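For reference, the structure discussed in these notes is given below.
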Protein chains: 2
Amino acid sequence: MTRSPAPPAPEKHIAESTVRRLSLYLRVLEQAAARGQQTLSSDALAEDGGTTSAQVRKDLSFFGSFGKRGRGYDVAELVSQISDILGLGREWKVYIVGAGKIGAALVSYRGFSQRGFRVLGVYDNNPQIVGRMIDGVGVRSMSQLEHDAAREMPDIAVITVPAEHAQTVAELVVSAGIRAIMNFAPAPIHVPSTVTVKSVNMALELEGLAYALVHRDANAS
Amino acid sequence: MTRSPAPPAPEKHIAESTVRRLSLYLRVLEQAAARGQQTLSSDALAEDGGTTSAQVRKDLSFFGSFGKRGRGYDVAELVSQISDILGLGREWKVYIVGAGKIGAALVSYRGFSQRGFRVLGVYDNNPQIVGRMIDGVGVRSMSQLEHDAAREMPDIAVITVPAEHAQTVAELVVSAGIRAIMNFAPAPIHVPSTVTVKSVNMALELEGLAYALVHRDANAS
DNA sequence: CATGTCTTGTGAAGAATTTCACAAGAAGAG
DNA sequence: CTCTTCTTGTGAAATTCTTCACAAGACATG
Ligand SMILES: NC(=O)c1ccc[n+]([C@@H]2O[C@H](COP(=O)([O-])OP(=O)(O)OC[C@H]3O[C@@H](n4cnc5c(N)ncnc54)[C@H](O)[C@@H]3O)[C@@H](O)[C@H]2O)c1
Ligand SMILES: NC(=O)c1ccc[n+]([C@@H]2O[C@H](COP(=O)([O-])OP(=O)(O)OC[C@H]3O[C@@H](n4cnc5c(N)ncnc54)[C@H](O)[C@@H]3O)[C@@H](O)[C@H]2O)c1
């Protein structure tokens with residue numbers, strides 16, 4: 001955890017599945033570090049990451065070569081390398097829009113702050129809610145959002161408003177200069193291609209389970 | 001919404017990405033139905049589903065042929081067909097384990113009940129919480145879970161306990177006979193291969209956004 | 001009933017991703 | 001210093017997924 005001498009080595013294009021697995025490897029590595037493990041092989045990494053050792057090595061090879069033949073990967077070093085690749089070396093400023101049930105749960109989610117995602121503000125358009133504190137973060141009025149954003153320069157907006165308002169809110173946060181959106185509303189949102197959107201659609205995940213139950217696949221995750 | 005004369009037509013193996021898209025198409029179709037649209041082309045379906053018309057047709061072709069050449073798809077009929085394919089023709093019984101912030105948010109999530117996922121019980125091991133009502137559903141004690149499950153035969157368990165207890169809880173629900181798990185804890189859980197697990201890992205999604213911001217991809221979703 | 005327009009269903013091609021398999025490097029033992 | 005053991009990094013092969021492209025069917029119109 002000293003220095004990051006090697007740059008994260010940019011490249012042509014990396015598959016989203018690879019990026020997801022890197023996050024997973026990072027978790028496995030941190031747990032290994034917590035157990036005092038010094039080093040980890042691609043086999044061990046694959047085991048807990050739910051993939052194969054060849055996949056692990058291939059994923060890492062897109063960004064450089066971090067292992068030692070015959071020994072495996074140095075846990076602390078690989079944590080640092082993957083953190084760099086994923087852009088976790090810095091703090092990311094997050095706005096949450098929609099101070100309802102799911103929005104409130106996310107504000108106090110430690111899993112975010114642990115990774116350097118800091119919630120600067122929570123926004124809502126309900127005057128009854130504006131001004132309240134949620135886990136130390138004050139709920140702000142929507143009318144302030146653009147003004148606040150000009151000053152605070154948030155990186156990511158999390159949208160947790162009802163589906164029918166998701167598009168409107170998306171347009172607002174984009175015009176406020178935010179370039180990345182995480183959308184929890186079960187509605188597609190359309191933004192300029194300079195903005196990255198990820199959607200988390202829980203009902204859709206449940207439907208995937210229903211499909212699996214009906215079609216008796218034998219699979220795991 | 002009358003009868004389902006054609007069986008959902010089973011098959012070799014369908015990609016998870018196809019199943020996800022079917023869920024998406026279903027949403028688009030329902031919105032179209034709400035707007036009074038009678039029929040929809042694969043092009044229109046693709047537009048809102050964020051994919052291409054060829055993909056739509058290919059996805060559907062795995063299960064049968066539901067369209068009319070020159071006309072497109074009958075909205076009501078395709079809703080019914082996709083619902084059948086996904087196993088949404090029936091009610092699915094759900095237990096939520098972990099009555100914390102995210103568990104409580106999920107109990108009252110209308111997006112679940114709208115799709116036929118009914119929360120029968122919420123479980124927690126904190127005696128201070130057991131007995132409370134969350135949106136009309138009582139919080140039950142963990143010690144009852146196996147006994148209740150024998151009677152109620154739940155289909156799906158949603159795990160919303162801290163990561164370090166996810167594995168223990170997973171083993172309990174599996175031994176209670178539950179065959180599908182949706183895991184919100186950011187920890188991999190290991191179960192027999194007869195059990196299907198889906199994990200929703202929100203920190204990982206945020207990390208994907210951080211990666212995109214750092215690597216200036218021009219992409220959307 | 002022929003003609004024109006539209007849109008499906010689907011093999012085949014193409015692209016992307018995963019798996020294989022092995023040469024090469026690293027370390028310890030003798 | 002040589003031998004053995006272990007595990008990486010990576011081209012090539014295999015597999016999976018997506019896109020292409022077009023024949024065939026459906027309807028409307030004249
Ligand atoms: N509750 C869940 O477990 C859950 C799970 C997955 C997805 N979601 C989705 O997340 C979204 C929020 O769900 P919820 O359960 O928290 O709902 P909620 O009703 O508890 O909260 C929605 C909040 O958004 C605010 N809001 C509404 N319109 C707004 C606007 N235009 N600008 C700013 N704020 C606005 C409301 O005042 C309210 O506080 C919904 O789209 C829902 O489908 C919820
Ligand atoms: N809060 C969020 O926004 C959020 C988002 C994504 C994921 N998660 C994950 O979801 C899980 C729950 O998060 P939370 O914020 O709701 O936490 P929480 O502390 O509010 O709730 C956890 C609940 O689980 C109960 N519990 C603990 N151990 C248990 C056990 N062995 N059996 C039964 N119940 C048990 C606790 O009594 C508590 O009520 C965590 O794994 C967290 O990482 C939370």
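Letters A, B, ... mirror the listed sequences (proteins, then strands); counts begin at 1. Quantities reported herein were computed from a predicted structural model and do not represent experimental measurements.
- If you check every strand for non-hydrogen atoms under 4.0 Å, A/R57 touches a base.
- Proximity of a side-chain donor or acceptor of B/R179 to a complementary backbone N or O of B/T194 within less than 3.5 Å is detected.
- For B/L60 and D/dT18, the CG to P distance is 14 Å, given to the nearest whole Å.
- Using cut-offs of 30° and 60° for the angle between ring planes, the A/F63 and B/H215 rings count as perpendicular.
- Put simply, chain A comes within 4.0 Å of DNA chain C, heavy atom to any atom, from C/dT17 to C/dA27, going 5' to 3'.
- Rounded to 10 degrees, the angle separating the terminal helix axes of the helix from C/dC1-D/dG30 to C/dG30-D/dC1, each built from five base pairs, is 0°.
- For B/Y95 and B/E152, the side-chain atoms include at least one donor-acceptor pair closer than 3.5 Å.
- The shortest side-chain heavy-atom distance between B/L206 and A/W92 does not fall under the 4.5 Å cut-off.
- For D/dT19, the OP1/OP2 oxygens have a side-chain nitrogen or oxygen of B/T52 closer than 4.0 Å.
- Each of A/G70 and A/G67 was assigned the nucleotide of DNA chain D with the nearest heavy atom; the assignment lying further toward the 5' end belongs to A/G70.
- With hydrogens and angles disregarded, no donor-acceptor distance shorter than 3.5 Å links the side chain of A/R115 to the backbone of A/G111.
- B/S53 comes within 4.0 angstrom of no nucleic acid atom, judged by non-hydrogen atoms across all strands.
- Counting only N and O atoms by type, the side chains of B/Q55 and B/D59 include a donor and acceptor under 3.5 Å apart.
- Atom CD1 of B/I85 sits about 4.5 Å away from atom CZ of B/F66, to the nearest 0.5 Å.
- Between A/R71 and A/Q55, it is A/Q55 whose nearest contact on DNA chain C lies nearer the 5' terminus.
- Rounded to whole angstrom, the span from the NZ atom of A/K58 across to the C1' atom of D/dT15 amounts to 14 Å.
- Using the six-membered ring where Trp is involved, B/F112 and B/Y109 have ring planes that are perpendicular, over 60° apart on the 30 and 60° scheme.
- No donor-acceptor distance shorter than 3.5 angstrom exists from the side chain of B/R71 to the backbone of B/G67, with no hydrogens or angles considered.
- If you measure from atom CG of B/D59 to atom P of D/dT19, you get 10 Å, rounded to the nearest angstrom.
- Where A/T18 and B/Y73 meet DNA chain C, the nucleotide closest to each residue was compared, and B/Y73 sits on the side nearer the 5' end.
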